[in-house]
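The figures that follow rest on heavy atoms only: side chains count, while hydrogens, waters and symmetry mates do not. Just so we're on the same page: letters track the sequence lines, and every chain starts at 1. It should be emphasised that the depicted structure is a prediction, and the values quoted were computed from it without experimental measurement.
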2 protein chains.
Amino acid sequence: MRIGELAKRTGVSPRALRYYEQQGLLHPERRPSGYREYGERDVRTVHGIRTLLAAGLHSAVIGELLSGLPLPGERPPGPTCPELLTGLARERARITETIRELTEARGLLDEIAAAAAPGEMITAPRPEPFSARRAPRRS
Amino acid sequence: MRIGELAKRTGVSPRALRYYEQQGLLHPERRPSGYREYGERDVRTVHGIRTLLAAGLHSAVIGELLSGLPLPGERPPGPTCPELLTGLARERARITETIRELTEARGLLDEIAAAAAPGEMITAPRPEPFSARRAPRRS
DNA sequence: CTAGAGCTTGACGTCGACGTCAGGGTCAAG
DNA sequence: CTTGACCCTGACGTCGACGTCAAGCTCTAG
């Protein structure tokens, strides 16, 4: 399929698809005319790329993962498996930490909402917004 | 305290603190010399700001939250409470969605790790990397 | 008094994943 | 053959939260 169709099927703009190729994440074939020709698996690849990008991985890192991936039977050059696993673990840890931060921030928003909402919910010694909270029991 | 001390106590650079003020997130007093003078609660405020920034909230939004916050007793001007709550809900939903995406991405990394790791773990009909997965049973 | 650390404002630089525009081929339908 | 949709390669623009550098004022210790 050509770039337009892949774009529709993935919800990603053609510009972004060309960018992914430029970063070494996609390797479409070329027609004599110069048009890019994509295969079915590219649809999945793009979804994977989007998922990892959404998680904050840099395209260069995603490129390493893809190029470092031992496809059935072969040992690819470039980053060795140990290095791949190291980077993998690093990103995994970063994601886990980010989830923690997000959870914390969400709790903060809830506190703010509770403080901002009309006294329906809380009328007692109203907890002040985070800018002046009394130590929330955190060591 | 002056900006340097607040920077040390929060782990945030002086440049960032000035930026927060410029965005209306902090309102330190000024000495006759022009030096900024911060209070104790600014320490907490800064931590809150960092938490929300880490969660992807724009400084402008954080500013609305802070300025829209009804401090004990007063009704501030600007964005009304309903609007505040709306924005609050929107950001909350965004955070929840982001957590979902992160969780998904982490799962993907685990799959890649499983595929990349030496056959110790899996030797059976090895699951291919995400770029060529067989439909993972998702509708 | 003087040095040095710390503070001020102002302004330009950075990084990443694209958006957008310009100028120009390709291709299938009518 | 022509039109219109689609594609190509540059190349510059964007947005946000700061980093960094410049030029100059302030404060404190010796």
**OP:** Ignoring hydrogens and angles, answer whether the base of C/dT8 and the side-chain atoms of B/R18 contain a donor-acceptor pair closer than 3.5 Å.
**Re:** no

Original post:
Is it true that a side-chain atom of A/E37 and a backbone atom of A/M1 form a donor plus acceptor pair closer than 3.5 Å?
Top reply: yes

Subject >> Test applied, side chain to side chain contact (heavy atoms under 4.5 Å, CB included); reference residue, B/R106; option that passes from A/T96, A/T98, A/T51 >> reply: A/T96

Original post:
Choosing from D/dA17, C/dC7, D/dC8, which nucleotide comes nearest the side chain of B/I3?
Top reply: C/dC7

Subject >> Proximity to the side chain of A/L53 - top-ranked nucleotide from D/dC18, C/dT8, C/dA17 >> reply: C/dA17

Subject >> Between P of D/dA17 and CD1 of B/I49, the distance in whole Å >> reply: 11 Å

Subject >> Minimum heavy-atom distance between B/L109 and A/R92, given as atom pair plus value >> reply: CD1-N, 3.9 Å

Original post:
With a 4.0 Å cut-off on heavy atoms, is B/R2 in touch with a base, just the backbone sugar-phosphate, or nothing at all?
Top reply: sugar-phosphate

Subject >> Heavy-atom closest contact (A/L53 atom, A/Y20 atom, distance) >> reply: CD1-OH, 3.5 Å

**OP:** Measure across A/I95 and B/A105 and return the closest heavy-atom pair with its distance rounded to 0.1 Å.
**Re:** CD1-CB, 4.3 Å

Subject >> Below 4.0 Å: OP1/OP2 of D/dT9 and any side-chain N or O of A/R30 >> reply: yes

Original post:
Which sits closer to the 5' end of DNA chain D, A/Y38 or B/L17, going by the nucleotide each is nearest to?
Top reply: A/Y38

Subject >> Stepwise side chain to side chain contact (heavy atoms under 4.5 Å, CB included) test for A/R36 and A/E21 >> reply: CA-CA 10 Å; A/R36 290 169 177 83; A/E21 178 181 0; 2.5 Å; yes

**OP:** Report the distance from atom CD of A/Q22 to atom C1' of C/dA17, rounded to the nearest whole Å.
**Re:** 11 Å

Subject >> Closest to side chain of A/A16, choosing from C/dC12, C/dT9, C/dC18 >> reply: C/dC18

Original post:
So which one's nearest nucleotide on DNA chain C is more toward 5', A/S33 or A/P14?
Top reply: A/P14

Subject >> 5' priority, DNA chain D, between B/L57 and B/P32 [closest heavy atom] >> reply: B/L57

Original post:
For the pair made of CZ in B/R31 and P in D/dC27, what is the distance, rounded to whole Å?
Top reply: 8 Å

Subject >> Atom pair distance, as rounded to whole Å: CD in B/E29 and P in C/dC7 >> reply: 17 Å

Subject >> Protein-nucleotide distance (A/Y19, atom OH; D/dC7, atom P), rounded to Å >> reply: 21 Å

Original post:
Nearest to the side chain of A/Y35, which nucleotide is it out of D/dC8, C/dG16, C/dC7?
Top reply: D/dC8

Original post:
Below 4.0 angstrom from OP1 or OP2 of D/dC18, is there any side-chain N or O of B/Y20?
Top reply: yes

Original post:
Starting at NZ of A/K8 and ending at P of D/dC7, how long is that distance when rounded to a whole Å?
Top reply: 8 Å

Original post:
Can a side chain N or O of A/S13 be found less than 4.0 Å away from OP1 or OP2 on C/dG19?
Top reply: yes

Subject >> Gap between atoms CG and P, on B/L6 and C/dC7 respectively (whole Å) >> reply: 10 Å

Original post:
NA contact type, A/R36, heavy-atom cut-off 4.0 Å: base, sugar-phosphate, or nothing?
Top reply: sugar-phosphate

Original post:
CZ of A/R15 versus P of D/dT9: gap in Å, rounded?
Top reply: 11 Å

Subject >> Selected nucleotide, minimal atom distance to A/R50 side chain, candidates C/dG16, C/dC18, D/dG19 >> reply: C/dC18

